[in-house]
Amino acid sequence: MGLIVQKYGGTSVKDAERVMNVARRITDAYKAGNNVVVAVSAQGDTTDDLIEKAKEINPNASKREMDMLLSTGEQISISLLAMAIEKIGCPVISLTGWQAGVKTDAKYGAARISTIDTERLQAELDKKNIVIVAGFQGINKYDDITTLGRGGSDTSAVALAAALHADVCEIYTDVDGVYTADPRFVKNAYKLDDISYDEMLELASLGANVLHNRSVEMAKKYGVKLSVRSSLNNNEGTYVKEVEQVEKMLVRGVTRDNDVARIALCGVEDTPGKAFSVFRMLAKHGISVDLIIQSIGNGEKKDISFTVTEEDLQPVLDLLEENKAIVKADEVKWTKDVSKVSIVGAGMVNNSGVAATMFEALYDAHININMIATSEIKISVLVDRKDAEAAVVAIHDKFLLK
Ligand code: ADP
Ligand code: ASP
Ligand code: MG
């Protein structure tokens, strides 16, 4: 007898049959004597469809109104799922984010959960109800609905688990767990039995969208035991926890992130403080810069290139234009046809050969590297978008073939 928080993603509830399947899984856990709280996502492609609908009317709609719209997807799922559970004959109640006490900061479209006021949730659990909560949404200090960013229902689930001191948080999705690479295009990728919070956080932040990166950050912070598993079978999933590496794997996963744009400032003055003035200006406007390279100057001119998310590309170009007099570049070039490909593994900290092996894999596959960044547990390279999947496959073959 314990408290379980479960989360079901969009594909797991995409139609009536899948909703009934999920309802059965939930009621099985409940009938086994557990208290069950469930976070659920919008059905199938609902969120994408809603975004399209908005664009038809106003491509520049305010983020507040976008959140009002997008939050409706999850409201459909919670009510349908509750109806399915009613049909099975178990006591159930659905709650929107605000009814469940999920409070966030004011950043529409990418809000962070600040607290969960558990009074209502606890009252429903005391009444022996199964509680179905709308994922991906909360309410801010202005009593407005906010959403947590794409994939944010995972974070709703972990936040509920942390606030309610659940025994475990189970993330149910359309794959059996966390794989060594995206199984959609890396055919010999395989499931990991467990992975540390730090490695999972890097993977999620570098493009492995099987978990929302903030959910991992939060699970680590509050020590929530996370398991990732399929809603379509009973296979053992992947445990995300504080692990001593059992298998001595240098590299645990390979990922790709297409949400990247590269900007090059060509022919800027080779004087002290140039990079400082450019990046201070970007930071002031809340723009996060990821990879950076600067060419060796010749005393007169140098080039500075950096990457940002696709969403930030236009604002950065606008800022550079407005501040032409400070930047003073001969030319500003940009492209979206790039991807970031990364390897992650806590075991690579003291192993100097890893980067060389990764570059060798790319060389063998005739893939050119545009930029490189390394840290203790990851190495990222920027490649042309058309090469990204082949790069992941080549690197996976090099490090992770079983
Ligand atoms: P959900 O709707 O359940 O939240 P998502 O589509 O957000 O599901 O996440 C699951 C998908 O993540 C999988 O179908 C898979 O293609 C993709 N994915 C990317 N990288 C990985 C990985 N390393 N391991 C498992 N799945 C991955
Ligand atoms: N429905 C939201 C999305 O598609 C949240 C989620 O699925 O986690 O991004
Ligand atoms: Mg997801």
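Excluded from the calculations below are hydrogen atoms, water molecules and symmetry mates; all remaining heavy atoms, backbone and side chain alike, are included. Read the numbers this way: they start at 1 and go in the same order the structure lists the ligands and their atoms.
Heavy atoms of Ser153 found under 4.0 angstrom from ligand 1: none, in either backbone or side chain. Contacts between Glu74 and ligand 2 below 4.0 angstrom, taking non-hydrogen atoms only, involve the side chain exclusively. The proximity of Lys7 to ligand 1, defined as any non-hydrogen pair under 4.0 Å, is limited to the side chain. Residue contacts with ligand 2, taken as heavy atom pairs separated by less than 4.0 Å, involve Ser41 solely via side-chain atoms from C-beta onward. Residue contacts with ligand 1 for Val210 involve both N, CA, C or O and side-chain atoms from C-beta outward (heavy atoms, distance under 4.0 Å).
For atom 24 (N) of ligand 1, the nearest non-hydrogen atom of the protein is Tyr179 N, 2.9 Å. At the shortest separation from atom 3 (C) of ligand 2 among protein heavy atoms lies Arg150 NE, 3.3 Å. When hydrogens are left out, the protein atom nearest atom 3 (O) of ligand 1 is Thr173 OG1, 2.7 Å; that is the closest non-hydrogen contact. Here the protein heavy atom with the shortest distance to atom 17 (C) of ligand 1 is Asn209 OD1, 3.3 Å.
Without hydrogens or angle criteria, Arg385 side chain to Asn258 main chain gives a donor-acceptor distance under 3.5 Å.
Using modelled atom types, one finds a donor on one side chain and an acceptor on the other under 3.5 Å when comparing Asp67 with Thr147. In this structure, a donor-acceptor pair under 3.5 Å is present between the side chains of Thr104 and Thr146. Side-chain N/O atoms of Asp318 and Gln314 include a donor and acceptor closer than 3.5 Å.
Look at Gly152 and you'll find a heavy atom under 4.0 Å from some atom of ligand 2. At least one heavy atom of Ala181 sits closer than 4.0 Å to an atom of ligand 1. Heavy-atom separations between Gly177 and ligand 1 include at least one value shorter than 4.0 Å.
Polar contact check, Gly10 against ligand 1: a nitrogen or oxygen pair lies under 3.5 Å apart.
His396 and Tyr190 have perpendicular rings, their planes meeting at more than 60° on a 0 to 90° scale where under 30° would count as parallel.
Distance check: His285 NE2 to Glu322 CD gives 7.0 Å after rounding to the nearest 0.5 Å.
Of the residues listed (Leu282, Asp290, Ile263), the one engaging Val308 in a side chain to side chain contact (heavy atoms under 4.5 Å, CB included) is Ile263, and it is the only one. Screening Lys63, Lys336, Arg150 for a salt bridge (charged side-chain N to carboxylate O under 4.0 Å, His left out) involving Glu311 leaves a single residue, Lys63.
The option with the heavy atom closest to atom 13 (C) of ligand 1, from among Asp154, Asp174, Val344, Asp182, is Asp174. Among Arg184, Lys191, His212, Arg252, the residue whose heavy atom sits closest to atom 11 (C) of ligand 1 is Arg184.
Heavy-atom contacts of Ala208 reach the following atoms of ligand 1: 20 (N) (cutoff under 4.0 Å). Per-residue contacts place Ser153 under 4.0 angstrom from the following atoms of ligand 2 (heavy atoms of the residue considered): 5 (C), 6 (C), 8 (O). Near Gly151, meaning under 4.0 Å from one of its heavy atoms, ligand 2 places the atoms 3 (C), 5 (C), 6 (C), 8 (O), 9 (O). Close approach to Pro183 involves these atoms of ligand 1, each under 4.0 Å from a residue heavy atom: 25 (C), 26 (N), 27 (C).
A salt bridge links Glu124 to Arg120: one of the charged nitrogens lies within less than 4.0 Å of a carboxylate oxygen. Contact check on Glu269 versus Lys301 returns no salt bridge, with no Lys/Arg side-chain nitrogen under 4.0 Å from an Asp/Glu carboxylate oxygen. A salt bridge links Arg256 and Glu389; the closest N-O separation between the charged side-chain nitrogens and carboxylate oxygens is under 4.0 Å.
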Evaluate Lys378 against Glu199 for side-chain contact (heavy atoms from CB on, under 4.5 Å), listing each step before the verdict.
CA-CA 9 Å; Lys378 67 156 196 254; Glu199 288 170 318; over 6 Å; no
